[in-house]
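Worth knowing before you read on, the calculation uses all heavy atoms, side chains too, and leaves out hydrogens, waters and symmetry mates.
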Amino acid sequence: MGKVHIIDHPLIQHKITYIRDKNTGTKEFRELVDEVATLMAFEITRDMPLKEIEVETPVSKATSKVLAGKKIGIVPILRAGIGMVDGILKLIPAAKVGHVGLYRDPETLLPVEYYLKLPSDIQDRFFIIVDPMLATGGTAVEAIHSLKKRGAKQMKLMCLIAAPEGIKAIQDAHPDVDIYVAGVDERLNEKGYIVPGLGDAGDRLFGTK
Ligand SMILES: O=P(O)(O)OC[C@H]1O[C@H](OP(=O)(O)OP(=O)(O)O)[C@H](O)[C@@H]1O
Ligand SMILES: O=c1cc[nH]c(=O)[nH]1
Ligand SMILES: [Mg+2]
């Protein structure tokens with residue numbers, strides 16, 4: 001079963017509180033999501049492979065480590081996932097970015113795919129799928145399925161807030177995928193929104209309501 005990593009560093013918790021606050025406007029919301037994505041990227045890259053090289057310091061030769069150059073792909077789930085991309089690119093600037101367009105039908109709560117564009121070398125690439133919200137989990141389950149169908153072998157899922165139902169859905173459907181999340185909330189309401197959550201992430205990021 002995939003592991004759930006709760007990234008609850010004090011800086012992240014602080015920023016998540018203001019992300020939740022309904023009085024936080026679009027500009028500040030966007031900035032906070034960007035900052036939390038960077039902080040979470042620090043943790044999600046903790047197991048990136050390293051290799052040793054030789055360098056000369058002003059004092060002597062040294063054997064020291066550099067990133068082994070694993071190919072990374074960041075895949076935001078449109079729309080709201082877009083808000084997390086730049087924050088991750090600050091730490092992994094050479095990563096390629098794919099996009100998967102999925103929205104959740106407000107009546108059925110089922111995901112509808114409308115776009116997909118992934119980087120090349122899918123099989124060798126390590127993907128970080130990003131979406132601020134993991135509610136029923138239907139959208140993320142479908143996004144992962146879509147990547148796997150096209151040959152993706154290794155991936156992690158990074159979200160800001162999850163509901164227990166969403167975590168269970170990923171663990172049941174994709175037990176090979178670890179989840180990185182800043183907070184796990186209580187439950188979903190009758191409309192499938194996370195309680196207390198932060199509202200509609202896409203609308204708050206892009207000012208559409
Ligand atoms: O876990 P689920 O129950 O599937 O719900 C989560 C999905 O819902 C939201 O997207 P939304 O459908 O609002 O699309 P948007 O990003 O275009 O606003 C959110 O960003 C997730 O993608
Ligand atoms: O709480 C929720 C659930 C789904 N999508 C959101 O944007 N927020
Ligand atoms: Mg939305």
> Taking only residues two or more places apart in sequence or in another chain, which ones pass side chain to side chain contact (heavy atoms under 4.5 Å, CB included) with Lys90?
Replying inline: Asp34, Thr38
> Should side-chain heavy atoms under 4.5 Å link Ile, Leu, Val, Met, Phe, Trp and Tyr, which residues sit in the same cluster as Met155?
Replying inline: Val4, Ile6, Val75, Ile77, Val100, Leu102, Leu116, Leu118, Ile122, Phe127, Ile129, Leu134, Val141, Ile144, Leu147, Leu157, Ile167, Ile170, Val177, Ile179, Val181, Val184
>> Enumerate the salt bridge (Lys or Arg N to Asp or Glu O under 4.0 Å) contacts for residues 35-59, please, sequence neighbours excluded, ordered by first and then second residue.
In response: Lys15-Glu35, Glu43-Arg46, Asp47-Lys156
> Picking from Thr17, Thr24, Asp21, what satisfies side-chain contact (heavy atoms from CB on, under 4.5 Å) with Leu32?
Replying inline: Thr24
> Should the pair Asp200-Lys191 be classified as a salt bridge under the 4.0 Å nitrogen-to-oxygen rule?
Replying inline: no
> Aromatic rings Tyr103 and Tyr114: how do their planes relate, parallel, tilted or perpendicular, breaks at 30° and 60°?
Replying inline: tilted
>> Restricting to ring pair (Phe, Tyr, Trp, His ring centres under 6.0 Å), what partner residues turn up for Tyr18, sequence neighbours left out?
In response: His14
> With sequence neighbours left out, which residue pairs that include part of residues 62-72 fulfil the salt bridge (Lys or Arg N to Asp or Glu O under 4.0 Å) condition?
Replying inline: Lys71-Asp121
> Around atom NZ of Lys96, are there more than 12 heavy atoms of other residues, nucleotides or ligands at under 6.0 Å?
Replying inline: no
>> According to ring pair (Phe, Tyr, Trp, His ring centres under 6.0 Å), who are the partners of His99, at least two apart in sequence or on a separate chain?
In response: none
> In chain order, what residues pass the ring pair (Phe, Tyr, Trp, His ring centres under 6.0 Å) check against Phe29, with sequence neighbours excluded?
Replying inline: none
>> Once salt bridge (charged side-chain N to carboxylate O under 4.0 Å, His left out) is applied, do any residues pair with Glu165, and if so which ones, sequence neighbours excluded?
In response: none
>> Using a 4.5 Å cut-off between side-chain heavy atoms of Ile, Leu, Val, Met, Phe, Trp and Tyr, which other residues end up in the same hydrophobic cluster as Ile53?
In response: Val55, Val66
> With sequence neighbours excluded, what pairs up with Arg20 under the side chain to side chain contact (heavy atoms under 4.5 Å, CB included) test?
Replying inline: Ile16, Ile161, Asp185, Pro196
> Which pairs pass salt bridge (Lys or Arg N to Asp or Glu O under 4.0 Å) with one or both residues in residues 126-135, sequence neighbours excluded?
Replying inline: none
>> Could you work out, with side chain to side chain donor-acceptor pair (under 3.5 Å) as the rule, every residue matching Thr208, not counting sequence neighbours?
In response: Arg79, Asp203
